[in-house]
Amino acid sequence: MLNRRHWLHALAASVVLVGAGPAFAQAPSGKVTVVTSFPKDVTDPIKKAFEKANPGLTLEVQNRNTNAGVKFVEETRSNPQSDLFWASAPDAFEVLKGKKLLQKYDLKVKGIPAKVGSYPINDPDGFYFGFAASGYGIMWNERYLRANRIPEPKEWSDLATPVYHDHVSIASPARSGTTHLTLETILQGEGWEKGWATIKAMAGNFNTIAERSFGVPDAVNSGQVGIGIVIDFFAFSAQGAGFPVKFVYPSVTTVVPANVGIIAGAPNRAGAEAFIEFLLSPTGQEVLLEPTIRRLPVNPETYAKAPPGFPNPFKDANFQKMLHFDVDKSERRTAVVDTLFDQMITFQLADLKAVTKLMHEAEGLLAKKANPQARAALDEARKLVSAVPITESQASSNTEIVGAFRGGADSKTRQAEFERRWAAFSKENYAKAKAKAEEAVKLAR
């Protein structure tokens, strides 16, 4: 029988062991699979740092564009194949959340502000979290612009002027969530009709429409094209790598968080949680400053270690003036906006460029000598080019249109019919505009 002293020692030891239980809980281990639209230049350094900080975990990266990533998560919902969704487009996370494809999580990291600019960093319901801020704007190759005697652009409207014809590139919004956000920023900032007029006027000067977001900065970096419409970190990372590029935020733009969320039914939920906590930890936030990444951290304290001249959305006054982005509006009409862009611009780029070049020629002639008849013809041409086949209300709330682009019975058939109508509308308008532009040129000579 134990004496009293031995009994007390045994009791104390058992209390220590019981109380220490959580501290000795098994660390997460195994494979963490993430679906992401980010390129290897972004994911590789983060993967390396994450695995170093979590020796029992390995990060598997499945690269898909945002739309394809959302579709993959939907298609595998009955047997989830991945743990995390990681992308720049906040409306994609709203789609996943609305379809109950994300898991709620109680974030442990502290010190992250409620907002960046005017936009909430984290989902208020805890289904996804901002890890970096993103803004949208214009990137250019300095050597290219000097060689072609092209001025540095500052505003979206600059890219619509004659000097930029055939020197601008953008990614397709149907394949790039960040391009969709750029278009939405312009549409929300300028209004539906004026916004589309600006977008189409820029598009008339496009050299290419890339299939993926990173195709645009790659072309600018190499000098294949002079100017790209991009998310900010493409330009900042290119600068960090030594490319002769610059970037500007136009006055009509926004800053929103890039996000990460746990997929419902994640095979390795503990590992997914560890990845989120790492991204928002001081170490994870500092990785964002690496030259190949150069994203805007959401922890204000991280900017103390940023390179000189690096933007700080928590201090720079320009960020406080940026547009308040309506993610719900963007989410409701994503497919409609992207399809309109393709039917009016992507698939009719040659016709749009041809009429735009004629309008530039007419404008140049009228700058030298006024001609009221020529001006009237040119104004009519511009009106025809800028026209949109549906109104903002129809794009956002028309039951027939929205339903056709959101799935359901016969949705593909109905969607194809709208696509055909919008393509025919644009083709006819561009043909009429070309005739008017030719008339303006003839009268102005």
>> Please enumerate all residues that pass side chain to side chain contact (heavy atoms under 4.5 Å, CB included) together with Thr58, with sequence neighbours excluded.
In response: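 Listed in chain order: Lys31, Glu51.
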>> Checking Asp379 now: which residues fulfil side chain to side chain contact (heavy atoms under 4.5 Å, CB included) with it, not counting sequence neighbours?
In response: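 Arg375.
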Distance in Å, [X] [atom1] paired with [Y] [atom2], rounded so as to fall on 0.5 Å steps:
X: Thr36; Y: Ile46; atom1: OG1; atom2: CD1; answer: 8.5 Å
X: Phe214; Y: Asp41; atom1: CZ; atom2: CG; answer: 9.5 Å
X: Ile263; Y: Leu96; atom1: CD1; atom2: CG; answer: 7.5 Å
X: Ile199; Y: Ile170; atom1: CD1; atom2: CD1; answer: 8.0 Å
X: Ser426; Y: Phe347; atom1: OG; atom2: CZ; answer: 11.5 Å
X: Glu184; Y: Thr254; atom1: CD; atom2: OG1; answer: 11.0 Å

> Where do Trp192 and Val388 land on the side chain to side chain contact (heavy atoms under 4.5 Å, CB included) test, with the steps shown first?
Replying inline: CA-CA 9 Å; Trp192 183 258; Val388 185; 3.9 Å; yes
> Would Arg64 and Lys71 count as a side chain to side chain contact (heavy atoms under 4.5 Å, CB included) if you check the C-alpha gap in whole Å, the side-chain angles of each, and the deciding distance to 0.1 Å?
Replying inline: CA-CA 10 Å; Arg64 302 171 187 268; Lys71 186 175 293 186; over 6 Å; no
Plane angle bin for [Y] and [X] - parallel if under 30°, tilted between 30 and 60°, otherwise perpendicular:
X: Phe325; Y: Tyr119; result: tilted
X: Tyr105; Y: Phe129; result: perpendicular
X: His360; Y: His165; result: perpendicular

> Should Ser88 and Thr178 be marked as a side chain to side chain donor-acceptor pair (under 3.5 Å) after you check the CA-CA gap, both sets of side-chain angles, and the distance that decides it?
Replying inline: CA-CA 7 Å; Ser88 290; Thr178 55; over 6 Å; no
> Do we see a donor-acceptor contact under 3.5 Å between the side chains of Thr346 and Ser172?
Replying inline: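 No - no donor-acceptor pair under 3.5 Å links their side chains.
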> Just checking, is any N or O donor in the side chain of Thr198 or Glu190 under 3.5 Å from an acceptor N or O on the other one?
Replying inline: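 Yes, side-chain donor-acceptor contact under 3.5 Å.
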Spell out, as yes or no, whether a donor-acceptor pair under 3.5 Å connects the side chain of [X] to the backbone of [Y].
X: Asn54; Y: Leu57; answer: no
X: Gln343; Y: Arg420; answer: no
X: Trp156; Y: Thr253; answer: no
X: Thr302; Y: Val298; answer: no
X: Ser330; Y: Asp326; answer: no
X: Asn205; Y: Thr161; answer: yes
X: Glu277; Y: Lys108; answer: yes
X: Glu155; Y: Ser251; answer: yes
X: Asp351; Y: Tyr430; answer: no
X: Ser386; Y: Lys383; answer: yes

Around atom [atom1] of [X], are there more than 12 heavy atoms from other residues, nucleotides or ligands closer than 6.0 Å?
X: Lys329; atom1: NZ; answer: yes
X: Lys427; atom1: NZ; answer: no
X: Lys47; atom1: NZ; answer: yes
X: Gln62; atom1: CD; answer: yes

If you take all heavy atoms of [X] and [Y], which pair is closest and at what distance?
X: Val225; Y: Ser169; answer: CG1-CB, 3.9 Å
X: Ala374; Y: Leu443; answer: CB-CB, 3.8 Å
X: Ala87; Y: Thr66; answer: CB-OG1, 4.3 Å
X: Asn67; Y: Pro173; answer: ND2-O, 3.8 Å
X: Ile345; Y: Trp196; answer: CD1-CZ3, 4.5 Å
X: Asn429; Y: Ala387; answer: ND2-CB, 3.5 Å

>> Before you tell me yes or no, could you show the steps for Arg421 and Glu417 under salt bridge (charged side-chain N to carboxylate O under 4.0 Å, His left out), namely the whole-Å CA-CA distance, both residues' side-chain angles and the distance that decides it to 0.1 Å?
In response: CA-CA 6 Å; Arg421 289 186 205 170; Glu417 175 58 23; 3.2 Å; yes
Ring centre gap for [X] and [Y] strictly below 6.0 Å:
X: Phe127; Y: Phe93; result: no
X: His167; Y: Tyr144; result: yes
X: Phe50; Y: Trp86; result: no

> How would you list all residue pairs meeting salt bridge (Lys or Arg N to Asp or Glu O under 4.0 Å) that involve residues 228-247, not counting sequence neighbours?
Replying inline: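 Every salt bridge (Lys or Arg N to Asp or Glu O under 4.0 Å) pair that includes a residue of residues 228-247, provided the two are not neighbours, is Glu142-Lys246, Glu152-Lys246.
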> What residue pairs, at least two apart or across chains, pass salt bridge (Lys or Arg N to Asp or Glu O under 4.0 Å) with a residue in residues 296-322?
Replying inline: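 Residue pairs with at least one partner in residues 296-322: Glu286-Lys305.
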>> Among residues at least two apart in sequence or on other chains, which ones pass ring pair (Phe, Tyr, Trp, His ring centres under 6.0 Å) with Phe319?
In response: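 For Phe319 the ring pair (Phe, Tyr, Trp, His ring centres under 6.0 Å) partners, ignoring immediate neighbours, are Tyr249.
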>> Here's a test for you: under side-chain contact (heavy atoms from CB on, under 4.5 Å), which of Ile138, Ile229, Asp158 qualifies with Met202?
In response: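 Per the side-chain contact (heavy atoms from CB on, under 4.5 Å) rule, the option paired with Met202 is Ile229, out of Ile138, Ile229, Asp158.
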>> Which residue in the set Val35, Ile276, Val61 passes side-chain contact (heavy atoms from CB on, under 4.5 Å) when paired with Leu84?
In response: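 Running side-chain contact (heavy atoms from CB on, under 4.5 Å) over Val35, Ile276, Val61 with Leu84 returns exactly one hit, Ile276.
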>> Please determine whether side chain to side chain contact (heavy atoms under 4.5 Å, CB included) holds for the pair Asp91 and His180, giving the CA-CA distance in whole Å, both sets of side-chain angles, and the decisive distance to 0.1 Å.
In response: CA-CA 10 Å; Asp91 47 358; His180 169 76; 3.2 Å; yes
> Are Glu290 and Lys48 close enough, and set up right, to give a salt bridge (charged side-chain N to carboxylate O under 4.0 Å, His left out), and what steps lead you there?
Replying inline: CA-CA 12 Å; Glu290 290 196 11; Lys48 182 179 178 181; over 6 Å; no
> Under the side-chain hydrogen bond (donor to acceptor under 3.5 Å, both in side chains) test, which residues partner Ser134, sequence neighbours left out?
Replying inline: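 Testing Ser134 for side-chain hydrogen bond (donor to acceptor under 3.5 Å, both in side chains), a comparison that skips the adjacent residues, returns Arg295.
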> Glu361 and Arg445: salt bridge (charged side-chain N to carboxylate O under 4.0 Å, His left out), yes or no, with the steps?
Replying inline: CA-CA 10 Å; Glu361 182 181 355; Arg445 280 178 177 162; 2.7 Å; yes
>> Determine whether Val116 and Leu296 satisfy the following criterion, side chain to side chain contact (heavy atoms under 4.5 Å, CB included), listing intermediate values before the conclusion.
In response: CA-CA 10 Å; Val116 57; Leu296 307 179; over 6 Å; no
